[in-house]
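Please find one structure pasted underneath; my questions will follow.
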Amino acid sequence: MAKHSETSWKQDHPSTLLSNSVQKADQAVKHAMSHPEEQIVEQAQNAIYHAENAVINAEQYDEDMDTVQRNKEQLEAMKQQLNEAQEIVDDRLY
């Protein structure tokens, strides 16, 4: 089996995947907040879902729990922001 290079190992590490997923979710939520449209909100929801899975994965690998907890809190704040964007979309539809 081939050894991972140091760079690829870091990219595949659960804490790196978590950090990247949370960053992508943050960007998606910011986009949804500035452009509250149904498809954009749905994309942000998917990004949050993937980030939540990354949290679970990091917890299973016993990553630094302070970092995991901070990311969980950040995701909760993102969910609240996304709910606001969803409400705007819903108001437009009805």
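Computed over heavy atoms, backbone and side chain alike; hydrogens, waters and symmetry mates excluded.
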(request) Please identify each residue that fulfils side-chain contact (heavy atoms from CB on, under 4.5 Å) with Gln81, with sequence neighbours left out. (result) Val29, Met33, Met78

(request) Among residues two or more places apart or on two chains, list those pairs meeting salt bridge (Lys or Arg N to Asp or Glu O under 4.0 Å) that have a residue in residues 16-35. (result)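 Those involving residues 16-35 are Asp26-Lys30.
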
(request) Name all pairs fulfilling the salt bridge (Lys or Arg N to Asp or Glu O under 4.0 Å) condition that reach into residues 37-61, sequence neighbours left out, sorted by first residue then second. (result) Glu52-Lys79, Glu59-Lys72

(message) How close do Ala32 and Ala44 get, counting heavy atoms only, and between which atoms?
(response)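 Reported closest heavy-atom pair: CB-CB, 4.1 Å.
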
(request) Hey, could you give me the NE2/CD1 distance between His35 and Ile88, rounded to the nearest 0.5 Å? (result)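 Those atoms lie 12.5 Å apart.
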
(request) Consider only side-chain heavy atoms of I, L, V, M, F, W and Y, link residues closer than 4.5 Å, and tell whether Val68 and Tyr61 are in one cluster. (result) no

(message) How long is the straight-line distance from CG of Leu82 back to CD1 of Ile40, given to the nearest 0.5 Å?
(response) 11.5 Å

(request) Check the hydrophobic clustering (I, L, V, M, F, W, Y; side-chain heavy atoms under 4.5 Å; chains of links allowed) and say if Met65 and Leu75 are grouped together. (result)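 Linked within one cluster.
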
(request) Apply side-chain contact (heavy atoms from CB on, under 4.5 Å) to Glu87 and list each qualifying residue two or more places apart in sequence or on a separate chain. (result)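 Glu87 satisfies side-chain contact (heavy atoms from CB on, under 4.5 Å) with no other residue.
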
(request) Specify the closest pair of heavy atoms between Ala25 and Ala51, including all atoms of both residues, with the distance to one decimal. (result) CB-CB, 4.3 Å

(request) With sequence neighbours excluded, tell me which residues meet side-chain contact (heavy atoms from CB on, under 4.5 Å) with Thr67. (result) Asp64, Arg70, Asn71

(request) Would you name the heavy atoms of Leu17 and Ala54 that are closest together and state the gap between them? (result)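 What the structure gives for the nearest pair is O-CB, 4.2 Å.
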
(message) Restricting to side chain to side chain donor-acceptor pair (under 3.5 Å), what partner residues turn up for Glu73, sequence neighbours left out?
(response) Gln69

